[in-house]
Participant: 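Following this message is one structure expressed as structure tokens.
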Number of protein chains: 2
Amino acid sequence: MKKKASLKDIASKVGVSTALVSYVLNGQEQEKRVGGEMVKKIRDAAVALHYTPNRIARSLRTKKTNTIGFVVADIDYRFSSGVMKAIEEGCLKYSWTVIYGSSGENPKKFAELLKVLVERQVDGLIIVPVEHCNKQIEELTKQRFPFVLIDRILPGIDANMITVKNEQVAHMCTGHLLGKRFRRIAYISYQSSLLNLADRKKGYLSAVRELGPPDPRLIKELPNLNRDEEVKVAIDELLALSPACDSIFFATDTLAVSGLRHLNALGIKVPEQLGILSFDESDAFELYRCPITHGRQPLDHIARLALDTLQRAIDGMPGRANHMLDMTFIEGKSCREK
Amino acid sequence: MKKKASLKDIASKVGVSTALVSYVLNGQEQEKRVGGEMVKKIRDAAVALHYTPNRIARSLRTKKTNTIGFVVADIDYRFSSGVMKAIEEGCLKYSWTVIYGSSGENPKKFAELLKVLVERQVDGLIIVPVEHCNKQIEELTKQRFPFVLIDRILPGIDANMITVKNEQVAHMCTGHLLGKRFRRIAYISYQSSLLNLADRKKGYLSAVRELGPPDPRLIKELPNLNRDEEVKVAIDELLALSPACDSIFFATDTLAVSGLRHLNALGIKVPEQLGILSFDESDAFELYRCPITHGRQPLDHIARLALDTLQRAIDGMPGRANHMLDMTFIEGKSCREK
DNA sequence: GTGAAAGCGCTAACAA
DNA sequence: TTGTTAGCGCTTTCAC
């Protein structure tokens, strides 16, 4: 690669000091009252030499990189790419660049990622926490590093958090199925210590309890080592119950997609034979034979709030944000009245 | 945020020079034959002070950031997230961090993105070019900046390029439909100056020509300002032809998904009433009523080759890579024999 | 074995 | 109005 021109190169070409060049190229020529022809000469030299500022050097000096880190749980999740897109757009406003990384739900990778981002001096972090990452998060808090947690809440942690009303929405979803006269509503989720899934389960249970004690056999919490296979087995078991389940509430979009694929293979008709509801949205739903009823997270709103909160944190503003956002309910045709 | 400890802090705590600390913390204690107890003292101090290296400072000094930039056309494309995931994984091997950015198919945003990445001193770039970006790419070549183009080929540009055999695969796909006795094969694509789409069209045309002159009314190239609407209109027109089209070959996954959604709405049965083939894969296909026959790009291979090529370029190796990769053909049930 | 010191490219306080 | 200079945190050469 060709050597890049530096401020010094311009300075010596024009015969002035680097300081002057710095002023001009940073638009401080008014403030510093640099002479008009000087400004022009410097500008011309910069162009002639193909000058590109070195932000690394600037960052070292100013102790600001104007870069934020964004740690997602898995790039394959619709949530991840959706929020990423929204964050990228929102960053224009702050002139931030974002370095993104995926932990793959792996605490070790998660810790490594945080380390690298901090070493690269990002000004702040937006984080989707994973299981068993409390130590890392606590360390950030202790170092007063600016960051905000999204999507998942860590209990007992002092941090900015933005999430949705998991329990309330799950309760409402289940209530919707009950309203459509489904009475054997299965719940398929993951085994997880993460609070958002625990909350969704709570919402499901509290809704079901309004009509009687929940049947534990209708609740499937999968280890998620081999999702497709586990969902397949779970659904087969649910359908073999007597009385069988008459509907399924999927706690995530990934589970719903796996489930629908299996139902397709079984030739089971939705909603005629089985009601289906998914907590989260998936793009794959749109090609399913009937529109799937599901919740929708306000991804743009989450991103905006996250950036806004992060900005405050970076500016050293005191206080913690703690937002629980509403979701949209998209009524399809997958829970038709029985 | 708390002030971070620096090498100097450790040095003065232990009472040695920063050089020594640097040696130890970079694992050069053997090579520099640093005393054993000294090593321990320095290590302990680093832990005690919560030392984190400042990569910005190191980068300024070494002129290497160990960061690469990855510019995609749109994060919503399956290709983008798929390659991104593969690149991220592949980067472990090189200890690279990747800064990703999306141009949104917008040349202005594209140029801006390149500028920012270069200013941030990325060691190299992996780029999915967009329309009208030739000037920027040529500038990179002129500056001998290390980069590699993927997915799309820019004609007449001196650069490393990795893509798939668009023409050959499109020819083969069309041939597959012909082999299933489809004779009125429509082709839906985008209006674009990009060579990969031109090549797909060439492949389609050359296959069709083997059985006679192509009917231009069967070819729809959409402006892609409002995809769903344009696809809807195009399909309606194709079905209204006499004789109507008996199958559709979609040049991209996004078009295929739009198209299938409309076919769903029309109640048209695939493959009974219409054969469907998509050049690219979409996750949404898996929930469609019948498995869609489609091509699959070797995303992992593309990523590996891209990283490998970039590494060479960064190391200043001469020569240009120019790979045209094969694709996998996934036979579903959407082109059943008529 | 260890340390002094230069310097990466830039900004900003201070001088003139 | 323009220039000098210190120094951000680190690596690395050279000297002791």
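Every heavy atom of this structure was used, including side-chain atoms; hydrogens, water molecules and symmetry mates were not. Naming: A, B, ... by sequence-line order, numbering from 1 per chain.
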Participant: Please determine if A/Asp300 and A/Arg304 form a salt bridge, counting it only when a charged side-chain N lies under 4.0 Å from a carboxylate O.
Facilitator: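 No, this pair does not count.
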
Participant: Nearest 0.5 angstrom please: A/Arg320 CZ to A/Thr141 OG1, how far?
Facilitator: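 Atom-to-atom, A/Arg320:CZ and A/Thr141:OG1 are 6.0 Å apart.
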
Participant: Does B/Asp9 come within less than 4.0 Å of B/Lys4, counting only side-chain N to carboxylate O?
Facilitator: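 So B/Asp9 does not pair with B/Lys4 through a salt bridge.
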
Participant: Does anything in residues 4-14 of chain B reach DNA chain C, meaning a heavy atom under 4.0 Å, and if so which residues?
Facilitator: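 Of all residues in residues 4-14 of chain B, none places a heavy atom under 4.0 Å from DNA chain C.
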
Participant: How does DNA chain C look in dot-bracket form if you count Watson-Crick and G-U pairs under 3.5 Å, write [ ] for pairs that cross, and put | where a base pairs with another strand?
Facilitator: ||||||||||||||||

Participant: Not counting sequence neighbours, list each pair that qualifies as a salt bridge (charged side-chain N to carboxylate O under 4.0 Å, His left out) and has a residue in residues 146-155 of chain A.
Facilitator: A/Glu105-A/Arg152

Participant: Set out, in order, the CA-CA distance, both residues' side-chain angles and the distance that settles side chain to side chain contact (heavy atoms under 4.5 Å, CB included) for B/Ile127 and B/Gln136, then state yes or no.
Facilitator: CA-CA 11 Å; B/Ile127 300 172; B/Gln136 279 72 246; over 6 Å; no

Participant: In plain terms, say whether B/Lys142 and B/Glu138 are close enough for a salt bridge, that is, a side-chain N and a carboxylate O under 4.0 Å apart.
Facilitator: no

Participant: Just do the salt bridge (charged side-chain N to carboxylate O under 4.0 Å, His left out) check on B/Glu37 and B/Lys41 with the steps written out, would you?
Facilitator: CA-CA 6 Å; B/Glu37 68 212 276; B/Lys41 273 209 284 193; over 6 Å; no

Participant: Which pairs count as side-chain hydrogen bond (donor to acceptor under 3.5 Å, both in side chains) when at least one residue sits in residues 122-134 of chain A, sequence neighbours excluded?
Facilitator: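 Qualifying pairs: A/Thr65-A/Asp123, A/Glu131-A/Ser193.
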
Participant: Give the minimum heavy-atom separation between B/Pro146 and A/Met1, together with the two atoms involved.
Facilitator: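 The answer is CD-SD, 3.8 Å.
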
Participant: Please list, chain by chain and in numerical order, all residues satisfying salt bridge (charged side-chain N to carboxylate O under 4.0 Å, His left out) with B/Arg120, sequence neighbours excluded.
Facilitator: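 B/Arg120: no salt bridge (charged side-chain N to carboxylate O under 4.0 Å, His left out) contacts found.
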
Participant: Taking any atom closer than 4.0 angstrom to a non-hydrogen atom of chain A, what span of DNA chain C does the protein reach, first nucleotide to last?
Facilitator: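 Nucleotide range with atoms under 4.0 Å of chain A: C/dG9 to C/dA13.
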
Participant: By nearest heavy atom, map A/Tyr23 and A/Pro53 onto DNA chain C; which one lands nearer the 5' end?
Facilitator: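 It is A/Pro53, whose closest nucleotide lies nearer the 5' terminus.
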
Participant: Name all pairs fulfilling the ring pair (Phe, Tyr, Trp, His ring centres under 6.0 Å) condition that reach into residues 80-103 of chain B, sequence neighbours left out, sorted by first residue then second.
Facilitator: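 The answer is B/Tyr94-B/Trp96.
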
Participant: Looking at DNA chain D, which of residues 30-46 of chain B put a heavy atom within less than 4.0 Å of it?
Facilitator: B/Lys32

Participant: Can you name the salt bridge (charged side-chain N to carboxylate O under 4.0 Å, His left out) partners of B/Lys8, sequence neighbours left out?
Facilitator: none

Participant: Nearest 0.5 angstrom please: A/Thr97 OG1 to A/Asn66 CG, how far?
Facilitator: 7.5 Å

Participant: Please collect all ring pair (Phe, Tyr, Trp, His ring centres under 6.0 Å) contacts where either partner lies in residues 60-79 of chain A, sequence neighbours excluded, each pair once.
Facilitator: none

Participant: What residues form a side chain to side chain contact (heavy atoms under 4.5 Å, CB included) with A/Ala57, not counting sequence neighbours?
Facilitator: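 Side chain to side chain contact (heavy atoms under 4.5 Å, CB included) list for A/Ala57, sorted by chain: A/Asn54, B/Leu60.
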
Participant: Using a strict heavy-atom distance below 4.0 Å, which residues from residues 56-63 of chain A are in contact with DNA chain D?
Facilitator: A/Leu60, A/Arg61, A/Lys63

Participant: Assign each of B/Asn54 and A/Thr18 to its nearest nucleotide of DNA chain D by heavy atoms, then name whichever residue's nucleotide is nearer the 5' end.
Facilitator: A/Thr18

